[in-house]
Undergrad: 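Below is one structure. I have some questions about it.
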Amino acid sequence: MSALGGPAQTGGVQPPTAMGLVISIVLIVVALALAFFLVQMAGVIALAGIIIGGVLIAFGVHFVPVGGAPAAMGQAPGIATGVAMLAAGAGLAGLFGGAWAAPFGLVIALAGGAIGGGLLMAITCTMVNVIYIFGMGIPSASGKVDKDPITGDTFPEYKSQGTEGHGLPFISWVGGVVGGALGGLGGTLIYLELLDIYQAQLPVILDVTVEQIASVAVSLAGIFAVGMFLMNAVLAAYNITGTIEGPHDPKFKRFPRAVIAAAAASAVAGIFAIALLELVGVF
Amino acid sequence: MSVKIEVGAGGIPHNQILIYGLVGSLVLVYLTYLNTVTNTQYFAFFGGLAAVAALIWGTDTIKHLCSYGLGTGVPSAGMIALGSGVIAAIFGATTGILAPIVTVIIAAIIGAVAGLMANHVVRMDIPVMIISLIELAIVGAMTVLGLSAMACGTFEFLGMITGTVVILGFAVEAYSASVIGGSIIAVIFMLGAIAIQHSFNACLGPGEQQDRTLMLAAECGFLSMITVAIISFAFIGLLAAFVSLLVSIIGWIYTYTQYIALSKRDAYAWLDAQPILEPKGGA
């Protein structure tokens, strides 16, 4: 058995089909209506937060310089692993930061999440360049642009023949940190919205105090945030198909497709997360 | 960038594996309900076997999907499977006796949305994308539900969030000492994700054979089962947990020896490495 189809390899960006757009808008509207029906205005606000979180994650993934297997051999710029793995690493680090800061209020928790994700990517990108430059002895050079948009460094003189560039130029480093911060912010936003819902509903259903149920609410919100994070990250990865250098890469322009897909997928997954406790004790 | 991944031809048709996997995992999860019927905990291990059945089916699905060349690596398919599956599994668990069936339906809905988004908005245009993501979401959900049922002896939500702690000789109900309250669900999530994404990733290539890949999937499943069996000592009776551990270890040893035998069958040649013995009296 061999490949019969596969992603169409055309030069430009294929826009979403009309059917896809209609389905995503219908899904988002239906999910918001259901959220209002189930938990009133709090549900709508929570679902809107979850959708914004999902969109931030999908958008953030496009900033992260992903090199894949070619980068491991020094034949392409970026970090030598897949999109899903990198996004998961940055997002989960952000989620830990945000969850730790949750008791300090929304703004500090979101900042904590963004700093957690950004910090992980900053350390990763720095260590990647340490290994590339001092371990493998290769300079950083982008294959997609001739000049670094931030520092103005030129690349063609340093790019080896037969490669798409190598190492991690400064613009990719910045992209990685921005992507990690956006991912951490989005993951933390989903977590906080769900935590509010569960902390309000669980004590009523089980007739216990908030303190007794805290661990269950935290765990449920956390695992749902992780699940939604991975869904959105993989949809963004499918959008990128393979490797991306960062915000200067032509593939970056594809991000509107991933944003639409992530919004619809988050809305559907989010409505199940919000409605989780509606059926407890019914059957 | 998309790379065609060679997979072996022949073997059992995918639809047959689909039916065996779906029916098998549903029946096996329902067998854990014998715990409630007979008021014991000895049948918890059926949950793990359900996860193994689902993982074998999921590995064959990943093989089908990834033969089209996603460009994002095989593990991304496993991450979206468990990411959408865990939401469906926990939502389904709240419906009591109907849990496994509701889980399958919810997972199919979430998977269908992810598939539609991937094909019609992100424009992957892969013919099997939608059906594969539906299957993978169900696989992820049944894996999480099965392993959770194995850890705490029941697939019902209230059983997953309540545990008992012995304080001064008295058994006290505590929400933090439970599968979800203790965040064991996150460990189960990763155990399932590693099991589903490893087998095809390890076996793909020109010499890929279906029986070998699926045997590795079963081996990974039993390996995850061993870990969950050890976790289950904290939640179910000592003897019941020993039964689970015994079943997992026997299953793992059997599948591991079978996998090694199949690898030797498919290998061109192999070296049975022996330790070098010191000659008597010194060299």
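Any value given below was found using the heavy atoms of this structure, including those in side chains, with hydrogens, waters and symmetry copies removed. A note on names: the letters A, B, ... follow the listed sequences, proteins ahead of strands, and every chain is numbered from 1. Being a predicted model, the structure only gives us computed values, none of them experimental.
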Undergrad: Over all heavy atoms of both residues, which pair between Met160(B) and Thr154(B) is shortest? Give the atoms and the distance, please.
TA: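 Looks like CE-O, 4.2 Å.
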
Undergrad: Does the plane of the ring in Phe155(B) sit parallel, tilted or perpendicular to the ring in Tyr30(B)? Use 30° and 60° as the thresholds.
TA: perpendicular

Undergrad: Which of the residues Val218(A), Leu206(A), Leu21(A), Ile23(A) is involved in the greatest number of heavy-atom pairs with chain B at under 4.5 angstrom?
TA: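 Between Val218(A), Leu206(A), Leu21(A), Ile23(A), the count favours Leu206(A).
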
Undergrad: Counting only non-hydrogen atoms closer than 4.5 Å, does Ile90(B) touch chain A with its backbone (N, CA, C, O), its side chain (CB onward), both, or neither?
TA: both

Undergrad: Tell me which of these, Ala261(A), Ala258(A), Ala264(A), Gly20(A), has more heavy-atom pairs under 4.5 Å with chain B than the rest.
TA: Ala261(A)

Undergrad: Name the region of Leu158(B), side chain, backbone, both or neither, that has any atom closer than 4.5 Å to a heavy atom of chain A.
TA: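 The side chain, not the backbone.
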
Undergrad: Given the options Leu230(A), Ile223(A), Leu279(A), which has more heavy-atom pairs under 4.5 Å with chain B than any of the others?
TA: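 That would be Ile223(A).
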
Undergrad: Looking at Ala269(A), Pro15(A), Ala273(A), which makes the most heavy-atom pairs under 4.5 Å with chain B?
TA: Pro15(A)

Undergrad: Under 4.5 Å heavy-atom distance to chain B, tell me which part of Val66(A) shows up: side chain, backbone, both or neither.
TA: neither

Undergrad: So which of Ala77(B), Gly96(B), Ser183(B) has the largest heavy-atom pair count under 4.5 angstrom toward chain A?
TA: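 Top option by heavy-atom pairs under 4.5 Å: Ser183(B).
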
Undergrad: I need the minimum non-hydrogen distance between Ala89(B) and Leu145(B), along with the two atoms involved.
TA: O-CD1, 3.9 Å

Undergrad: Is chain B contacted by the side chain of Leu276(A), its backbone, both, or neither, given a heavy-atom distance below 4.5 Å?
TA: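 For Leu276(A), heavy atoms of backbone and side chain both lie under 4.5 Å from chain B.
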
Undergrad: Who wins among Ile260(A), Thr81(A), Leu235(A) for the most heavy-atom pairs under 4.5 Å with chain B?
TA: Leu235(A)

Undergrad: Using a cut-off of under 4.5 Å on heavy-atom pairs, state which of Ala233(A), Ala275(A), Gly68(A), Gly222(A) scores highest against chain B.
TA: Ala275(A)

Undergrad: Give, as side chain, backbone, both or neither, the part of Val280(A) having an atom under 4.5 angstrom from any heavy atom of chain B.
TA: both

Undergrad: Parallel under 30°, tilted from 30 to 60°, perpendicular over 60°: which one fits the rings of His64(B) and His14(B)?
TA: tilted

Undergrad: Should Arg254(A) and Asn239(A) be marked as a side chain to side chain donor-acceptor pair (under 3.5 Å) after you check the CA-CA gap, both sets of side-chain angles, and the distance that decides it?
TA: CA-CA 7 Å; Arg254(A) 295 181 185 177; Asn239(A) 190 32; 5.3 Å; no

Undergrad: What part of Phe157(B) gets within 4.5 angstrom of chain A, counting heavy atoms only: side chain, backbone, both, or neither?
TA: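 Side chain only.
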
Undergrad: Show the numbers, then the answer: is there a side-chain contact (heavy atoms from CB on, under 4.5 Å) between Phe229(A) and Ile190(A)?
TA: CA-CA 9 Å; Phe229(A) 192 95; Ile190(A) 295 178; 6.0 Å; no

Undergrad: For a 4.5 angstrom cut-off between non-hydrogen side-chain atoms, does Leu38(A) reach Ile274(A)?
TA: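 No, every pair of side-chain atoms sits at 4.5 Å or beyond.
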
Undergrad: Tell me, for Leu116(B) versus chain A, whether the close heavy atoms (under 4.5 Å) come from the side chain, the backbone, both or neither.
TA: side chain

Undergrad: Taking Thr162(B), Ile161(B), Val122(B), Val128(B) one by one, which has the highest count of heavy-atom pairs under 4.5 Å against chain A?
TA: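 The candidate making the most pairs under 4.5 Å is Val122(B).
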
Undergrad: Just checking Ile205(A): does its CD1 atom have more than 12 heavy atoms from other residues, nucleotides or ligands closer to it than 6.0 angstrom?
TA: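 More than 12 heavy atoms, drawn from other residues, nucleotides or ligands, come within 6.0 Å of this atom.
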
Undergrad: Can you tell me how the ring of Phe59(A) sits relative to the ring of Phe63(A), calling it parallel under 30°, perpendicular over 60° and tilted otherwise?
TA: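 Phe59(A) and Phe63(A): perpendicular rings.
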
Undergrad: Please give me the minimum heavy-atom distance between Ile185(B) and Ser219(A), naming the atom from each residue.
TA: CG2-OG, 3.8 Å

Undergrad: Using non-hydrogen atoms only, which part of Ala18(A) is less than 4.5 Å away from chain B: side chain, backbone, both, or neither?
TA: neither

